[in-house]
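A, B, ... follow the sequence lines: proteins, then strands. Residue 1 opens every chain.
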Amino acid sequence: MKLPISFYQRQNVVTIARDLLGKVLCTQFNGNLTSGIIVETEAYSFVERGCHAYRGMTERNKVMFELGGISYVYLCYGIHHLFNVVTNREGKADAILVRALEPKNGIEMMMERMHVKSPKRITSGPGKLTKALGIDRSHNGKQLFDQELWIEEVSKKISSKNIIESKRIGIDYAGEDANLLWRFSVKKNEWVSK
DNA sequence: TACGTGATCACG
DNA sequence: GTGATCACGTAA
């Protein structure tokens, strides 16, 4: 079942980042379904320095200010497309970076997109999973309740004792806010990024 | 540890 | 316009 839009429109981005673990991120382009179980996320909120929206709205981050339930995809280091889920109400610019997946459907297609012959660590990192699922900036601002890009709920939920909290990666510029334990990952899951 | 890579942002 | 910066990944 696709997650309802109300899932994304709650106000606590940290809670939603935890809740996303165990959900399934899916894409379907030209009939090719690819998906993976979300095993690592990071929360970002406009109130703290780690967030792109901290200094207000720009051309790049404007979709973060829209009502939750859409994607925010941007190019990082000139090479990698990073996929985020926009949450909260209009004007409250929060988002969750999806950092790693455990591959589920369409593994052959993912290997083809990655130009590799083995699925080993094929979706273990935020730049890699977008490439494996075929996500790029053309999907920025897209509704997460549609035919090409969505997130599904599966029966089993990750219990809180199996969730590891840690500091977010690669935001040294954020000062004290870099110490927030807003990165969440599934304990002992081999697909978590290194 | 070092660096490729190009859009973006804050200057003027 | 321009230059510094960057929510990564790979090689070494």
Could you pick out which residue, His80(A) or Glu59(A), lies toward the 5' side of DNA chain B when each is mapped onto its nearest nucleotide?
His80(A)

Measure across Arg49(A) and Arg55(A) and return the closest heavy-atom pair with its distance rounded to 0.1 Å.
NH2-NH2, 3.5 Å

Can you figure out which of dC9(B), dC6(C), dC8(C) approaches the side chain of Pro126(A) most closely?
dC8(C)

Quick one: which of dA10(B), dA7(C), dG9(C) gets closest to the side chain of Lys128(A)?
dG9(C)

Send over the distance from [X] [atom1] to [N] [atom2], rounded to a whole Å.
| X | N | atom1 | atom2 | value |
| --- | --- | --- | --- | --- |
| Tyr54(A) | dA10(B) | OH | P | 13 Å |
| Ile169(A) | dG9(C) | CD1 | P | 11 Å |
| Tyr77(A) | dG4(B) | OH | C1' | 12 Å |
| Arg137(A) | dT5(B) | CZ | C1' | 13 Å |
| Asn61(A) | dA7(C) | CG | P | 12 Å |
| His81(A) | dA7(C) | NE2 | P | 15 Å |
| Leu82(A) | dG6(B) | CG | C1' | 14 Å |
| Glu40(A) | dA7(C) | CD | P | 16 Å |

Does Arg121(A) make a side-chain N or O approach to OP1 or OP2 of dG9(C) shorter than 4.0 Å?
no

Look through every strand shown and name the nucleotide pairing with dA4(C) as Watson-Crick or G-U wobble, where both distances are under 3.5 Å.
dT8(B)

Heavy atoms under 4.0 Å, any strand shown: does Gly127(A) hit a base, just sugar-phosphate, or nothing?
sugar-phosphate

What is the nucleic acid contact for Arg168(A), judged by heavy atoms within less than 4.0 Å: base, sugar-phosphate only, or nothing?
nothing

I want to check something: taking the side chain as every heavy atom from C-beta on, are Glu102(A) and Val186(A) in contact at a cut-off of under 4.5 Å?
no

Under 4.0 Å between a Lys/Arg side-chain N and an Asp/Glu carboxylate O for Lys104(A) and Glu152(A)?
no

SB check Glu165(A) Arg18(A) (cutoff 4.0 Å):
yes

May I ask you to check whether over 12 heavy atoms, not counting those of Lys2(A), lie within 6.0 Å of atom NZ?
yes

